[in-house]
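Here the structure comes first, spelled out in structure tokens, and everything after it is commentary.
All values below come from the heavy atoms of this structure, side chains included, with hydrogens, waters and symmetry mates left out. Note on naming: letters A, B, ... go to the chains in the order of the sequence lines (proteins, then strands), and numbering restarts at 1 for each one.
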Amino acid sequence: MPELPEVETTRLGITPHLLGRRISRLVIRQPKLRWPIPQRLISSLPGQRIEAIERRAKYLLVHTVAGSALLHLGMSGSLRVLDADSAADKHDHYDWLLDSGRLLRFTDPRRFGSLLWQAAGTTHELLARLGPEPLSADFNGDRLWRLSRGRSAPIKTFIMDQSIVVGVGNIYAAEALFAAGIHPRRKAGSVSRERCQRLAEAIKRILDHAITRGGTTLRDFISPDGVPGYFEQELYVYGRAGEPCRNCGSAIRSISLGQRSSFYCPQCQH
DNA sequence: ACTTTAGCCTGTCGGC
DNA sequence: TGCCGACAGGCTAAAG
């Protein structure tokens, strides 16, 4: 479910409920997520006060003086803030009880999400090799062009590589390539400097816009406030196989790249 | 050094 | 109605 805009929407939704609150207790019903919830977190987090909430790639970092909890939503995860007496459902894997009388609850049917611990002053291994944030100045067309030289991987696979740029998942990769007029299967190394520029700009514009629209609602994405995202209505190619291109009317095609479905317009993308 | 594949899980949907 | 395979928004680790 969640790509960068959904994670950012989640961050914005939970922050006012969490900031400055103390975590009184953890309730863990299912410790086996993408990785097991570390014992270090279980012993360190209770009693801590939440100092800040940051997003890095698709991770949410909840900072305390002892260290930071890293929360990842995986494919199907979501976070909500509820009253402390709210009954837990089948896929509600952990709760953080807060001193406000509310709780932060993680729900994730597929259990690809994670809850990890980063001790104060250290960087978790999973964050250590991440590429730049797509919305930062560190990520730009020149960098994309430079890193892609000599690379034979499809450009779509390339921009979904978290060491190149973070936060670009299947939906937004497809949309950005459409906006830049680039065929998803084109070798990354054969994309010109000018088109790398356009692609980087498209990634920024589309992600930024999706955040302002509250993320994309597909299947069951609901922001922490219960408001669905509205970006779905603005998709040009993702999930539109056989439907007419909004630009030229050609039928949108679907192909498989690296076991992920990819959508593109055969007329507008080369 | 890069690219590809397998795998972590469950739910849903379409076809028969 | 039920069974079965295909597929789903992420990402890492291992294999090639």
Side-chain angles (χ1 to χ4, degrees), chain A residues 1-10 29-37 55-60 70-79 89-94 106-116 124-131 134 146-177 184-190 203 206-207 210-211 213-223 228-235 237-242 254-263:
Chain A
M1 153 204 343
E3 296 195 29
L4 188 146
E6 289 73 30
V7 177
E8 184 62 19
T9 299
T10 298
R29 300 181 196 83
Q30 173 54 275
K32 286 157 71 175
L33 302 178
R34 174 68 172 81
W35 286 280
I37 297 175
R55 181 190 56 72
R56 173 73 175 108
K58 293 175 193 170
Y59 289 90
L60 290 173
L70 310 186
L71 290 70
H72 199 291
L73 304 178
M75 289 268 245
S76 57
S78 61
L79 289 165
D89 217 332
K90 187 175 174 188
H91 301 298
D92 296 341
H93 303 313
Y94 66 75
F106 178 66
T107 307
D108 184 10
R110 289 179 72 183
R111 281 198 265 145
F112 285 180
S114 52
L115 175 60
L116 298 166
H124 196 284
E125 262 197 19
L126 293 175
L127 301 186
R129 280 174 292 276
L130 291 176
R146 196 163 25 82
L147 292 176
S148 60
R149 294 311 88 185
R151 299 289 294 263
S152 63
I155 185 68
K156 173 164 178 277
T157 308
F158 186 73
I159 59 173
M160 289 176 69
D161 181 336
Q162 303 294 297
S163 69
I164 302 302
V165 57
V166 302
V168 180
N170 208 28
I171 297 178
Y172 297 106
E175 294 298 313
L177 287 167
R185 197 149 50 193
R186 172 173 285 279
K187 288 186 192 324
S190 78
I203 289 170
I206 290 169
L207 288 177
I211 290 170
R213 306 294 275 122
T216 305
T217 294
L218 286 178
R219 298 214 164 74
D220 54 0
F221 177 74
I222 299 287
S223 73
Y230 291 101
F231 192 73
E232 185 175 14
Q233 301 156 19
E234 301 178 38
L235 297 176
V237 289
Y238 183 82
R240 299 192 65 241
S254 171
I255 53 173
S256 185
L257 280 181
Q259 282 109 330
R260 308 300 298 277
S261 54
S262 305
F263 301 88

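Pair assignment for B/dC9 gives none, since no Watson-Crick or G-U wobble pairing has each distance under 3.5 Å.
Remark: P of C/dC11 and CD1 of A/I171 are 12 Å apart, rounded to the nearest angstrom. Put simply, CD1 on A/I159 is 13 Å from P on C/dC11, counting in whole angstrom units.
Counting any heavy atom pair closer than 4.0 Å across all strands shown, A/K90 reaches sugar-phosphate atoms only and no base atom. A/R111 comes within 4.0 angstrom of sugar-phosphate atoms only, judged by non-hydrogen atoms across all strands, and of no base. Here A/S261 lies in heavy-atom contact (under 4.0 Å) with sugar-phosphate atoms only. Residue contacts for A/L126: at a heavy-atom cut-off of 4.0 Å it reaches the sugar-phosphate backbone alone, with no base atom in range. Note on A/K32: nothing from the nucleic acid sits closer than 4.0 angstrom, heavy atoms only. Within the nucleic acid shown, A/S152 comes within 4.0 Å of sugar-phosphate atoms alone, with no base atom in reach, counting heavy atoms only.
Nucleotides C/dA6 and B/dA6 have their P atoms positioned 14 Å apart, rounded to a whole Å. Atom name P, nucleotides C/dC3 and B/dC9: the rounded distance is 24 Å, in whole Å.
Taking the side chain of A/R260 as heavy atoms from C-beta on, and the options B/dC2, C/dG9, B/dG11, the nearest nucleotide is C/dG9. When distances run from any side-chain atom of A/H72 to the nucleotides B/dT5, C/dC11, B/dT4, the shortest one goes to C/dC11. Among the nucleotides C/dG9, B/dC9, B/dT3, the one closest to any side-chain atom of A/F112 is B/dC9.
When each of A/E3, A/E6, A/E8 is checked for a salt bridge (Lys or Arg N to Asp or Glu O under 4.0 Å) with A/R55, only A/E8 meets the rule. The side-chain contact (heavy atoms from CB on, under 4.5 Å) with A/V7 is formed by just one residue from the set A/I211, A/L73, A/L71, A/L79; it is A/L73.
Between C/dG10 and A/R110, no contact under 4.0 Å exists linking OP1 or OP2 to a side-chain N or O.
Aromatic ring orientation, A/F106 versus A/H93: tilted (interplanar angle from 30° to 60°).
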